A.B. asks: 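Have a look at this one.
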Number of protein chains: 2
Amino acid sequence: MRVTIKDIARAAGVSHTTVSRALRDSEEIRPETRARIRAIAEALGYRPNPVARALQGRRTQTLGVVVTRLSDPFHTEVVQGIEMVAQARGYGILLSLSHEDPEKERAIVELLAAKQVDGIIVAASRLGSRYLPMLEALQIPIVLINSHQTGPYVYSVATDNVHGGYLATRYLIGLGHRAIAYIGSRRGGRSNQDRYRGYRQALREAGLPLRPEWVVKGDGRVEGGEAAMRRLLEADPRPTAVFCYNDLTAIGALKAALRAGLRVPLDLSIIGFDGLEEGTYVTPMLTTVAQPRRQLGRLAAEMLLEILEGRPSPKHILLQGTLIERESCGPPG
Amino acid sequence: MRVTIKDIARAAGVSHTTVSRALRDSEEIRPETRARIRAIAEALGYRPNPVARALQGRRTQTLGVVVTRLSDPFHTEVVQGIEMVAQARGYGILLSLSHEDPEKERAIVELLAAKQVDGIIVAASRLGSRYLPMLEALQIPIVLINSHQTGPYVYSVATDNVHGGYLATRYLIGLGHRAIAYIGSRRGGRSNQDRYRGYRQALREAGLPLRPEWVVKGDGRVEGGEAAMRRLLEADPRPTAVFCYNDLTAIGALKAALRAGLRVPLDLSIIGFDGLEEGTYVTPMLTTVAQPRRQLGRLAAEMLLEILEGRPSPKHILLQGTLIERESCGPPG
DNA sequence: ATGAAGGGTGCACACGTGTGCGAAAATTTG
DNA sequence: CAAATTTTCGCACACGTGTGCACCCTTCAT
């Protein structure tokens, strides 16, 4: 059987109350008694029962984490960042996948609330404003990663997509490109719009035209990027550089370009977004605007823990991406 | 406040005992009473408190999952498989990362046990035989993925690495290669040994020599594969084909080969192991022996649930990998 | 020596759910 | 219609930990 404070109480000849206090209160109990009880607890190999503590104290020391899919390497790093912070602070991670299904996401959040998690982190929510009433009812703080809502229990950490899109496009312009395409994402939602906005802003500033035939959409994955690039290669005139919604899209674009016999970056420059490890797997290695993914997770977790422990915390944090120059971009040939 | 069975009891004018039974026992309560109580519970929006249930019934409906790193795409799919099964059956997933640190792994497993998870799944354990005494003490069933131990509480699901290594090498031989190298992994442990064994077996059967200078080691990641391939390129005579411990290693090997100006598969054939999505990102796409990763996770979870629900279950399952022909292998030029 | 003050400890209850057993109510049996 | 039987329900306790309040035992001041 498992050792409980009652067992310790019996062994020490005191009440379980005294044991409970000796192991935590520290002040109300005579030092000798406390030391004796602690020694016995140690000797018996006592481990407090988190379930009982949760029932009594309303704290489970567990965070709920909701992600769309783990097969997306972006989320993977985020989760890893969350986990590291949580583990260091003694919290557990209850992980659920929503598979981009808003209804499922909703059900998961309610399930997590029922399981009494202390707080919830949602990466790439598909639920939007429908959250707010639910969260008010749940009374559990939520940190959203890369999506934005406002409300009493809602916090967020996000990267500045407009800035990132601007940064990527400016970089291409700086290399001398004047014919720059954008491959977006059907599923990107707000983040796609924002990156696109940054792209347009950079073009406008440089006095470059925004050509509709140079703006196509993928699906945020490799296949979509490939298909989009094939369409783009038929454009006349053909762009000399492409900014892609994310790295997976860019990898697809690169595949299609190589297959069409183009030399990258000589005939075509390609820049991605995210800063995935996967971008270094391909030849040439992918130049990209990196999101601080692990830090997104870290910050989200730290934010949540601050809130839970009653410390002051900002409600919304916006991070800037950084350019990583690798090999897929160069001056127009 | 949250609705409890006491609230329902008050509203229905019965004791909380009756409510408890009406919501589960079903038999001992008069049908009309039961229906009335259920209606009230529904109306009040009652949700049972899993924490209280866990304390009372010793079941948390939660599985612990331990993985080394999520940045390894192999584990990602496994976790996803586990999560799908768990979610469908109403179980939660408590995820922890061990970062390949045996001591941390041990601490995590004990923490999970303290948190009262019903069962534990460990992917790629680094703990080996040190598990057994601990598990006996914990009395919690564990399913190991791709590692093998035996004991009263230990179950396992694994892929047949010897067979996989044999399959890969046989394939290369079948294409006409006679100079076949192996890039292993320093960190691969038993699985590396087994794949190597399959490699040697295939060579032996075909009457091909095992040359020590054609056997080098990476680290199971891209960088290690790259470095290993650079060493291999200096061998004389140079191999015409390489079997790599896993896909990441193979991707590294491919990078190094392309950089050295080799044409793949014309000058060099490369085959990997795992069947990662990432293998399709590179050009040429990677031929590989695929592990049924998601199924590994699924089976592990299903196995664990069978055990928990007292149904009969095999103790050890061994799955076979399958060859996926893509573009990185061809006859020797 | 007596009373007040104060620190140390235990009783009883709380958290929300589940269950053995006995009591009350309803039903069947003689 | 009374007795035996069955059904239906509630009391009390359990799970392991935490806490308000009262009590007891020192210790100190008068």
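Per chain, numbering begins at 1; letters A, B, ... match sequence-line order. Note that the structure is predicted; figures quoted are calculated from it, not measured.
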A.B. asks: What is the distance, rounded to the nearest whole Å, between atom CD1 of A:Ile5 and atom P of C:dC11?
C.D. replies: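 Taking CD1 of A:Ile5 and P of C:dC11, I get 13 Å after rounding.
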A.B. asks: Ignoring hydrogens and angles, write down the donor-acceptor pairs under 3.5 Å from the side chains of residues 65-74 of chain A, residues two or more places apart or on other chains.
C.D. replies:
{"residue": "A:Thr68", "atom": "OG1", "partner": "A:His75", "partner atom": "NE2", "Å": "3.2"}
{"residue": "A:Arg69", "atom": "NH2", "partner": "A:Glu100", "partner atom": "OE2", "Å": "3.1"}
{"residue": "A:Asp72", "atom": "OD1", "partner": "A:Phe74", "partner atom": "N", "Å": "2.9"}

A.B. asks: Could you work out how much the helix from C:dA1-D:dT30 to C:dG30-D:dC1 bends, comparing the axis of its first five pairs with that of its last five, to 10°?
C.D. replies: 60°
A.B. asks: Rounding to a whole Å, what distance do you find between A:Lys6:NZ and D:dC15:C1'?
C.D. replies: 8 Å
A.B. asks: Can you check the B:Leu23 CG to C:dT17 C1' distance for me, whole Å?
C.D. replies: 11 Å
A.B. asks: Whether the side chain of A:Arg34 engages the backbone of A:Leu23 through a donor-acceptor N/O pair (distance < 3.5 Å, no angle test) should be reported.
C.D. replies: no
A.B. asks: Suppose we screen for side-chain contact (heavy atoms from CB on, under 4.5 Å). Which residues come up paired with A:Pro102, at least two apart in sequence or across chains?
C.D. replies: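 A:Pro102 satisfies side-chain contact (heavy atoms from CB on, under 4.5 Å) with A:Arg126, A:Leu127, A:Arg130 once adjacent residues are dropped.
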A.B. asks: Only distances under 3.5 Å count here; give the side-chain donor-acceptor pairs of residues 89-96 of chain A to other protein atoms, sequence neighbours excluded, each with its distance to 0.1 Å.
C.D. replies:
{"residue": "A:Arg89", "atom": "NH1", "partner": "A:Glu309", "partner atom": "OE1", "Å": "3.3"}
{"residue": "A:Arg89", "atom": "NH2", "partner": "A:Glu306", "partner atom": "OE2", "Å": "3.3"}
{"residue": "A:Tyr91", "atom": "OH", "partner": "A:Gln61", "partner atom": "OE1", "Å": "3.4"}

A.B. asks: C:dT17 P sits how many Å from B:Gln61 CD, rounded?
C.D. replies: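 Computing the B:Gln61:CD to C:dT17:P distance gives 15 Å.
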A.B. asks: Can you tell me if B:Ser20 touches the phosphate of C:dT17, counting only side-chain N or O atoms and a distance under 4.0 Å to OP1 or OP2?
C.D. replies: no
A.B. asks: Could you tell me the separation between the NZ atom of A:Lys115 and the P atom of C:dT17, rounded to a whole number of Å?
C.D. replies: 15 Å
A.B. asks: For B:Leu111, what residues pass the side-chain contact (heavy atoms from CB on, under 4.5 Å) criterion, not counting sequence neighbours?
C.D. replies: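 Partners of B:Leu111 under the side-chain contact (heavy atoms from CB on, under 4.5 Å) test: none.
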A.B. asks: Of all residues at least two apart in sequence or in a different chain, which pass the salt bridge (Lys or Arg N to Asp or Glu O under 4.0 Å) check with A:Arg59?
C.D. replies: none
A.B. asks: Quick check on A:Glu32: does its CD atom have over 12 non-hydrogen neighbours (other residues, nucleotides or ligands) under 6.0 Å away?
C.D. replies: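 Yes, because the 6.0 Å sphere around CD of A:Glu32 holds more than 12 heavy atoms from other groups.
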A.B. asks: Considering only distance and modelled atom types, tabulate donor-acceptor pairs under 3.5 Å from the side chains of residues 46-56 of chain A, sequence neighbours left out.
C.D. replies:
{"residue": "A:Asn49", "atom": "OD1", "partner": "A:Val51", "partner atom": "N", "Å": "2.8"}
{"residue": "A:Asn49", "atom": "OD1", "partner": "A:Ala52", "partner atom": "N", "Å": "3.3"}

A.B. asks: Please list each protein N or O that sits under 3.5 Å from an N or O in nucleotides 6-10 of chain C, with the distance.
C.D. replies:
{"residue": "C:dT9", "atom": "OP1", "partner": "A:Arg30", "partner atom": "NH2", "Å": "3.1"}
{"residue": "C:dT9", "atom": "OP1", "partner": "A:Thr33", "partner atom": "OG1", "Å": "2.9"}
{"residue": "C:dT9", "atom": "OP2", "partner": "A:Arg30", "partner atom": "N", "Å": "3.0"}
{"residue": "C:dG10", "atom": "OP2", "partner": "A:Ser15", "partner atom": "N", "Å": "3.1"}
{"residue": "C:dG10", "atom": "OP2", "partner": "A:Ser15", "partner atom": "OG", "Å": "3.2"}
{"residue": "C:dG10", "atom": "OP2", "partner": "A:Thr18", "partner atom": "OG1", "Å": "2.1"}
{"residue": "C:dG10", "atom": "O6", "partner": "A:Arg21", "partner atom": "NH2", "Å": "2.4"}

A.B. asks: Can you tell me how far C1' of C:dA25 sits from CD of B:Glu32, to the nearest Å?
C.D. replies: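 From B:Glu32 CD to C:dA25 C1': 14 Å.
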A.B. asks: Do any of residues 35-56 of chain B sit with a heavy atom less than 4.0 Å from DNA chain D, and if so which?
C.D. replies: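 Under 4.0 Å from DNA chain D: B:Leu55, B:Gln56.
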A.B. asks: Tell me every residue that passes side-chain hydrogen bond (donor to acceptor under 3.5 Å, both in side chains) with A:Asp101, counting only those two or more places apart in sequence or in another chain.
C.D. replies: none
A.B. asks: For B:Ser191, enumerate each residue passing the side-chain hydrogen bond (donor to acceptor under 3.5 Å, both in side chains) test, keeping only those at least two apart in sequence or located in another chain.
C.D. replies: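 Scan of B:Ser191 (side-chain hydrogen bond (donor to acceptor under 3.5 Å, both in side chains), adjacent residues dropped) gives B:Tyr245.
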A.B. asks: List the residues meeting side-chain hydrogen bond (donor to acceptor under 3.5 Å, both in side chains) with A:Glu277, not counting sequence neighbours, and say none if there are none.
C.D. replies: none
